[in-house]
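The figures that follow rest on heavy atoms only: side chains count, while hydrogens, waters and symmetry mates do not. Quantities reported herein were computed from a predicted structural model and do not represent experimental measurements.
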Amino acid sequence: MSRMSQFSSEDEAELQALLRRLLRCVQDRISGAPSVECAEEILLHLEETDKNFHNYEFVKYLRQYVESSLGAVIDEETESCARGDGHAIGSGQDTLVHAVTRRTRESGQYRAMMQTLKNTMMVVVESLINKFEEDQLKKEELQRRSQHEQSSSHYTDNCSDSDSSFNQSYAFIKHEQLQVIAEKLDPSRPKEVRWEALQSLCCAPPSDVLSCESWSSLRRNLSAALADPDPNLSDKVLRFFAKTFSSSPLNVTREIYTSLAKSLESDFLLQKWTFPVGSAGVDVMTEEMTRLLKQMRLLNDFQKEVTSFWIRHPEKYMEEIIESTLSLLSVHSEPSLGTPASQKPLEPVHLIVMLDVKATWFKKWMHGYYSRTVVLRLLEMKYKSLIAAAVQQCAFYFESRDRAQDEVSDVTHAVEHQQIGGAQRTVYTAKELEYMYFVHSLCMLGRLLMYTNGRKLFPIRVKKRKDPVTLTDLIGILIRTLYQHPKPAHGDVSHTDPLSPTSLVMEVLRTLCDRTECAVECLYQTSVIETLLCPIVALLKGKQAKLSSPETTLTHIADILARIATTERGLSLFLYDRNLVSVEGQSISAAHVIVQFTQKLLAKELVVLSESDTCPSVSGAFIFVCRQMYNTCEGLQELRPYSLHECIAGAWRQTSSLSERVPTPVPGAAPGLLSQERQNVLVWEEALLDNLLNFAATPKGLLLLQQTGAISECVTYMFTRFTKKLQVSRCEKFGYGVMVTQVAATAPGSVALHSSGFVQAIVVELWSALECGREDVRVVHPKSTPMDPIDRSCQKSFLALVNLLSSSHAVWELLGQQTLPNKAQYPLREMPTSITDLMDRLVVVNSDAKIHSLFNYEQSHTFGLRLLSVTCCNLDSLLLLESQYKISEILLQSQRENITDPSTGPGDFIIDGLSVERNHVLVRVSTVGGPSERRLPPRGLQKGADPYPWPMFSSYPLPRHYVVDAPRSSRGKQDSEMSAFLAGPPRDAEKEGDWMNSCRRQYRRAMTSKANVLSGSVLADLLEKTVSHLAATTTDCFFPAAEYKAADSGNRTHSLSPVEQLGVQMAVRYGKVLRLLKEDSEQDLCLLMKHCKQFLSQQQAKITSQLYILQGVFPGHDWFASTVFLLMSGDGERALAFLLRFSRLLASAFLWPPRLHRSAHLPREMARSGIHPMYSCTAHYVEMLLKAEVPLVSSAFRMSGFTPSQICLQWLGQCFWNYLDWPEICHYVTLCVVMGPDYQVYLCIALLKHLQQDVLQHTQTQDLQVFLKEEPVQGFRVSNYLEYMEGLEQRYRALVLADMKNITLEIT
């Protein structure tokens, strides 16, 4: 055996030093062990858990010792196994390493080495233990000597810190020793003995202390030591407790925590401490207060930390901690008979408010469901008095503020800058203490109200109050506390102390507003709304409101009102609950009170308020409340009589003129007041524009915005925010997408979007994504080749363009009379900046120059064809593009160029992405029909031998494969019954004016029967008879009669525009497919169009406008007249006679779009707006009713950035051509004439309800607008939804029909 096998005395000393160093390195791990067994486990598995294990000098020493002792043996065994030596080492036996290891451990050298090492280590460890005990005795002696030199009143923060526990020596202790320590801690023993016992206790593992048999007596003695007047004893106990909290598991710490809490509770129950009411207050530097605060601080620190780990332990441990805390804080001392009036009882809650004024501990306990359930259960079962005391404190603070207004600000400031400990604060006055108690109570109650079971604790009985305090009572107290907000010290309302009552109450109220269930129970109550509006009602009546700081308080009131109005329930409460307040003796809704107050603020007519109290910040805050109402259809309906748009527009004009008059700062002059004034004016001007812009959120609101003359400025402002990706407002979840789509639906809105630069920005953004790569960035990961026709990077721009060009009004304004550049050469760096440029570069790709100018020709052209396909779904947009750019001919030519040119034969079409896309577009623009009346080819290839079985074509006529032959109509029972009714002799009922009721009943019965089919000829008779009857009745005529004779009209001199001619050809083709028209019907339809054009032009007003649509006659095709012509089976005279009589009815204003184009029957401002009543009225009520009746669909539209008004405007504008089959189109017209024009709204609602599942699905796939525009409505039958529409009529006719009849009145 080598020299290293035997240890010398020097080796033992070195080994002892190395072992001591190792133990110091792992001291943290061992000291944290709850028991001796755990400490042993830590050392045994140190190699697995300590990454530095092999770097310890002790380990290196042992490794060297093993190698020197067994190195020769290992080498010998390795060679032996490698040679074989009769021991086979194969795959079925141990590996070589395992075999060598086994044989080495069986050797004599190994046994001798282990025996030597064991004997040596026993000597080393015994020596270490002896030295440790000597060190302990020396340390105790030193501490005894220094004990009397320490100050007994010194206040330090170390009582709750855990650092000390890591700087102490650590030793395990026997149960017998703990028994001795418990005896020494008996209060009857001398202080020196007790102090030494505590010193020994601090060195013992807490788990051993708690598991010993004498723990109960030890616990009593520790509690007695805590209450001992000698701070050394109590501090030593706190240090032991702090060490336990920092290093022990919850099953140990909860014993210590509950002991400390119960000890503190018993102290308060026995001692009955008080503090003076006057300015003397509580001195935290007294020995008694220092001791109590140290104990409470240790509890509070543990309260805030325990939530991070108590979920890993049994619930009973957590429940013990929570119950002991609530029990302590529930201690309430009533003043005894001998207590002077100048003294108040000191309670545990007063201590915790000084340490944790905002109740952080309670917020953490209430955050997790695991602990919240226990807290709320205990509060309800045992400790409801704690909540009652908090409510009482809030009520007391509110009532006492009336008597001490001037002192509140000083107290708030003093509390905000408090610091327990150190030299900054030593004395708290009684008012400061009570205010901190109020803050703590308010924070607790605010957290409690957030949860259902917390709110179930109310109503709650409170002392000195006859009736229990309900939730609404508490909210009322908080709101009235808000009204007493003290004036800022230096007039700066923008700064509020975080501990001021206003900040705290607003924090609670905002939290409640943001949670629906909380808001319903706490805020959406009549009494609460009355309390909020009380100062406003007083000011409207000319009375002085009881507000300490009107400007600040009114701003906060507006903030809460706006948050309430943002939600559906809150908005409904504002609009329809008319029993809230009474102004001038009349009960009206909250919405009317708010808008009246806003009007007076803008007009500065509130004489009881000073000029500073009616500053723009207050006015802006209340306009924002109104905005949450008028940016919804139902809210705008209620606020319309006040013409708030004119009030805001007037304020904007006045502010705009002021901003122009404010002089520009002169260089070198002092910036100061002038520049600040200019900045304030600009901010106020932008705020007014922002609020005006939000009228554009609804169709009728957009009309009102247009009437103000500020639509261009508002859209420009929107564009600046849109480019910066700013949020619409703090209450709006979505961006400007919906508003942009709404604006783009009208001619003036489209022009404003173009002039603001919005259209150019969309086009440039698209071109950058489609054609321009990131050339300035080094290509490390090349961009993947797009697999979809429209790459995901271009999808957003595609949808933005679809939204922009969805309405024919936008297409007319952006493309009307615009020629394509068709340049001979296109520079590669030249980017399109308009819709015309985009059409030229991506859609009408009819030259090599255009092809060569595209980096990604196939992808870019496919994008253009997709955009063309969606745009052409609007038939008026299709006719404009076809008449101006000959779209069909260009596409056919491209198809001809895509044919192979073999030496023999006609050639075959090359099937590729572009030819398939062109084929789809050509079929779409060349055919008309509903879901079962035409076939559209798919845009993709199929699997199999024939990937594209659909016929391609390069010239007209269209292949018959795409046209579905109309079925032969048969005359049914309903036809006979309806014909008999129409042909019957006049009845007495007709003389009494009830013929229409009989007609409606007959129509309803025919539609709801099993066969539910009425043929087109019978519907034509029904329409003719109904219109004749209504036109002959004075009460049913809406427009005055206009003289028109077809023979003398001179229509021969009126020619049809190219758009109208194409429309006639399209209508005739459709009529022939339906077998309704003959071969020579085109001339008859042209003649009818000329008569209608002449007749309507006689009733048009002379208007000067820059809008394209107002330059002359109606720019689109008359789809309603074409529908009537087909209904009358091509009888032009019969159709004209019907239209002339129909023009007198209200229904003509909404079913016949050209009827009111530039009409003299409309108010001049409305006629000049270019906004049709079909949009401002019908589409408006579609959005309003959709939100109430089919809320999921309404939300889906909002999420997609599309609007129901856009698609409904397209459906109605072209009489549902291409969306419904011909029979349903006939029923649409008949329904609106027979049942009333408001059925136009109800039919749109029924259609969207029918499409609900598809709408939700395509909202998820982010192509809702494309689906609604390109796809016909499958499976919809008017008869199936007639009963549903009648239900809508019963609920909404009084509102919808009344507003339809008001279209000729001046806009308000």
Do you see a donor-acceptor pair shorter than 3.5 Å between the side chains of S926 and Y956? yes
Under 3.5 Å, is there a donor-acceptor pair between the S1205 and Q742 side chains? yes
Determine, stepwise, if the pair L838 / L801 fulfils side chain to side chain contact (heavy atoms under 4.5 Å, CB included). CA-CA 11 Å; L838 209 60; L801 285 170; 3.6 Å; yes
Does any part of the side chain of M952, heavy atoms only, come nearer than 4.5 Å to the side chain of V916, both counted from C-beta? yes
Is the positively charged end of K1249 above the ring of Y1284, judged by distance under 6.0 angstrom from the centroid and angle within 45° of the axis? yes
With a 4.0 Å cut-off on N to O distance, would you call E771 and R841 a salt bridge? no
State whether the side chain of Y962 and the backbone N or O of P951 hold a donor-acceptor pair below 3.5 Å, judged by distance alone. yes
Compute whether any side-chain donor of one residue and acceptor of the other, for S768 and E765, lie under 3.5 angstrom apart. no
Around atom CD of E1283, are there more than 12 heavy atoms from other residues, nucleotides or ligands closer than 6.0 Å? no
Residues V925 and M1066: closest non-hydrogen pair is O-CE, 4.1 Å
Flag for S807-Q1210: side-chain donor and acceptor within less than 3.5 Å: no
Name the one of Y1228, W1119, F1120 that satisfies ring pair (Phe, Tyr, Trp, His ring centres under 6.0 Å) with F1216? Y1228
Trace of the side chain to side chain contact (heavy atoms under 4.5 Å, CB included) decision for E882 with S888: CA-CA 7 Å; E882 184 65 30; S888 297; 2.8 Å; yes
Would you say K796 has more than 12 foreign heavy atoms packed within less than 6.0 Å of its NZ? no
Check whether the side chains of S1081 and D1084 place a donor and an acceptor atom closer than 3.5 Å, and report yes or no. no
Give a yes-or-no answer on whether the side chains of S915 and Q895 include a donor-acceptor pair shorter than 3.5 Å. no
Are side-chain heavy atoms of C1092 and L1139 found at a separation under 4.5 Å? yes
Looking at H1157 and H1172, would you say the former's side chain and the latter's main chain have a donor-acceptor pair under 3.5 Å? no
Taking the basic N atoms (NZ, or NE/NH1/NH2) and the acidic carboxylate oxygens, is any pair closer than 4.0 Å for E1270 and R939? yes
Just checking, any donor-acceptor pair under 3.5 angstrom between side chains of Y1219 and E1224? no
Minimum side-chain heavy-atom gap L1077-F1125 below 4.5 Å: yes
Taking E1082 for its side chain and V1064 for its backbone only, find out whether a donor-acceptor pair lies under 3.5 Å. no
Is it true that, when you exclude Q1065 itself, more than 12 heavy atoms of the residues, nucleotides or ligands shown sit nearer than 6.0 Å to its CD? yes
Does T741 use its side chain to pair, donor to acceptor, with the backbone of G737 at less than 3.5 Å? yes
Over 60° means perpendicular and under 30° means parallel, so classify the ring planes of F1267 and H1258, tilted if in between. parallel
Do S750 and W812 have side-chain atoms, one donor and one acceptor, less than 3.5 Å apart? no
Q1265 and N803: side chain donor to acceptor below 3.5 Å: yes
Going by distance alone, is a donor N or O of one side chain under 3.5 Å from an acceptor N or O of the other, for D1221 and S932? yes
L815 to I835 - nearest heavy-atom pair and separation: CD2-CG2, 3.8 Å
Using the side chain to side chain contact (heavy atoms under 4.5 Å, CB included) rule, take V1233 and L1022 through it: C-alpha gap first, then chi angles, then the decisive distance, then the call. CA-CA 10 Å; V1233 173; L1022 174 61; over 6 Å; no
What is the ring orientation for W1217 with W1222, classed by angle as parallel under 30°, tilted 30 to 60°, or perpendicular over 60°? perpendicular
Pairs involving residues 941-950, ordered by first then second residue, that meet side chain to side chain donor-acceptor pair (under 3.5 Å) (sequence neighbours left out): N919-Y948
Determine whether the side chains of R934 and T927 contain a donor N or O and an acceptor N or O closer than 3.5 Å. yes
Does the side chain of S1279 pick up a donor-acceptor pair with the side chain of H1227 at under 3.5 Å? no
Salt bridge between R1198 and E1183, side-chain N to carboxylate O under 4.0 Å? no
Output, in order, the C-alpha distance, side-chain angles, deciding distance and verdict of side chain to side chain contact (heavy atoms under 4.5 Å, CB included) for K850 and N822. CA-CA 8 Å; K850 295 181 181 180; N822 283 322; 2.6 Å; yes
Checking side-chain polar atoms at under 3.5 Å, does E917 have a donor or acceptor matched by the opposite partner on T862? no
Going by distance alone, is a donor N or O of one side chain under 3.5 Å from an acceptor N or O of the other, for D1263 and T1261? yes
With no hydrogens and no angle check, just 3.5 Å: does a side-chain donor-acceptor pair link E897 and Q893? yes
